[in-house]
Amino acid sequence: GAGVSQTPSNKVTEKGKYVELRCDPISGHTALYWYRQSLGQGPEFLIYFQGTGAADDSGLPNDRFFAVRPEGSVSTLKIQRTERGDSAVYLCASSPELGELFFGEGSRLTVL
Amino acid sequence: GNSVTQMEGPVTLSEEAFLTINCTYTATGYPSLFWYVQYPGEGLQLLLKATKADDKGSNKGFEATYRKETTSFHLEKGSVQVSDSAVYFCALIGLGSARQLTFGSGTQLTVLP
């Protein structure tokens, strides 16, 4: 069975550009999470979906960041007007309702 | 708020050596505690967990005991292998935190043959 899939695995963009990062969770998992991991740091929580709705978006750093999960499966993290400080690995995880989190390999974003 | 303080690395050991990676936490009430591992080129994987005081989590020869009195969850293994080389993250889920994990900064372990 497939695990959590994230695309692209690597993205290089220029400052000010718009970026979308995609997450395909494990089939049947109702919960989906986005984390951001900067170099030498542990992952930091961004947002958590239960089904289609964002149950907790308290970790989004500012209004340039937005995430959707329109059909309760695939999720897209959207970053507007990217800044160099947005460079990081963006991790997605999914879980059954109260179960273990399964992480993808991440999308490495580099903003030049 | 919740926080996790983890022993800084990198840690380099010879095969069959004893491993300890220290982890302490700050949280309200009784959080659930976890160790995650990230092998080269792979995603984070749950290694072990403990959900209440004095619980011992164990997996693949690794152990960690939830110590409420010292707010610690140190990771130990009696005899490491080259294949244990990875980055290890201590983490917690606090009460009322909607299941969001708070991670430590990670400890890089390299085991030499």
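Everything numeric here is computed off the predicted structure, so don't read it as measured data. Residue numbering restarts at 1 for every chain, and letters A, B, ... go by the order of the sequence lines.
- The residue among F89(B), F103(B), F34(B) with the most heavy atom pairs within less than 4.5 Å of chain A is F103(B).
- The nearest pair of heavy atoms linking S58(A) to Q100(B) is OG-NE2, 3.8 Å.
- Remark: E14(A) CD is loosely packed, at most 12 non-hydrogen atoms of other residues, nucleotides or ligands lying under 6.0 Å away.
- Neither the backbone nor the side chain of I47(A) comes within less than 4.5 Å of any heavy atom in chain B.
- S38(A) does not touch chain B: none of its heavy atoms, backbone or side chain, sits under 4.5 Å away.
- Summarising the local packing, CD of Q81(B) is surrounded by more than 12 heavy atoms from other residues, nucleotides or ligands at distances under 6.0 Å.
- Other residues, nucleotides and ligands contribute over 12 non-hydrogen atoms within 6.0 Å of the OH atom of Y18(A).
- The candidate from T102(B), L46(B), V4(B) with the greatest count of non-hydrogen atom pairs under 4.5 Å with chain A is L46(B).
- For Y35(A) (side chain) and L101(B) (main-chain N/O), a donor-acceptor pair under 3.5 Å exists by modelled atom type.
- Listed options S105(B), G104(B), G43(B) were ranked by heavy-atom pairs under 4.5 angstrom with chain A; first place goes to S105(B).
- Looking at Y36(B) and P43(A), their side chains never come closer than 4.5 Å, going by heavy atoms from C-beta outward.
- The neighbour count for K49(B) NZ, taken as heavy atoms of other residues, nucleotides or ligands under 6.0 Å away, does not exceed 12.
- If you tally non-hydrogen atom pairs under 4.5 Å between each of Q50(A), Q6(A), E44(A), Q37(A) and chain B, the highest count goes to Q37(A).
- Looking at Q108(B), there are no atoms closer than 4.5 Å to chain A (heavy atoms on both sides), in backbone or side chain.
- Hydrophobic clustering (ILVMFWY, side-chain heavy atoms < 4.5 Å, transitive): L91(A) and L46(A) are in distinct clusters.
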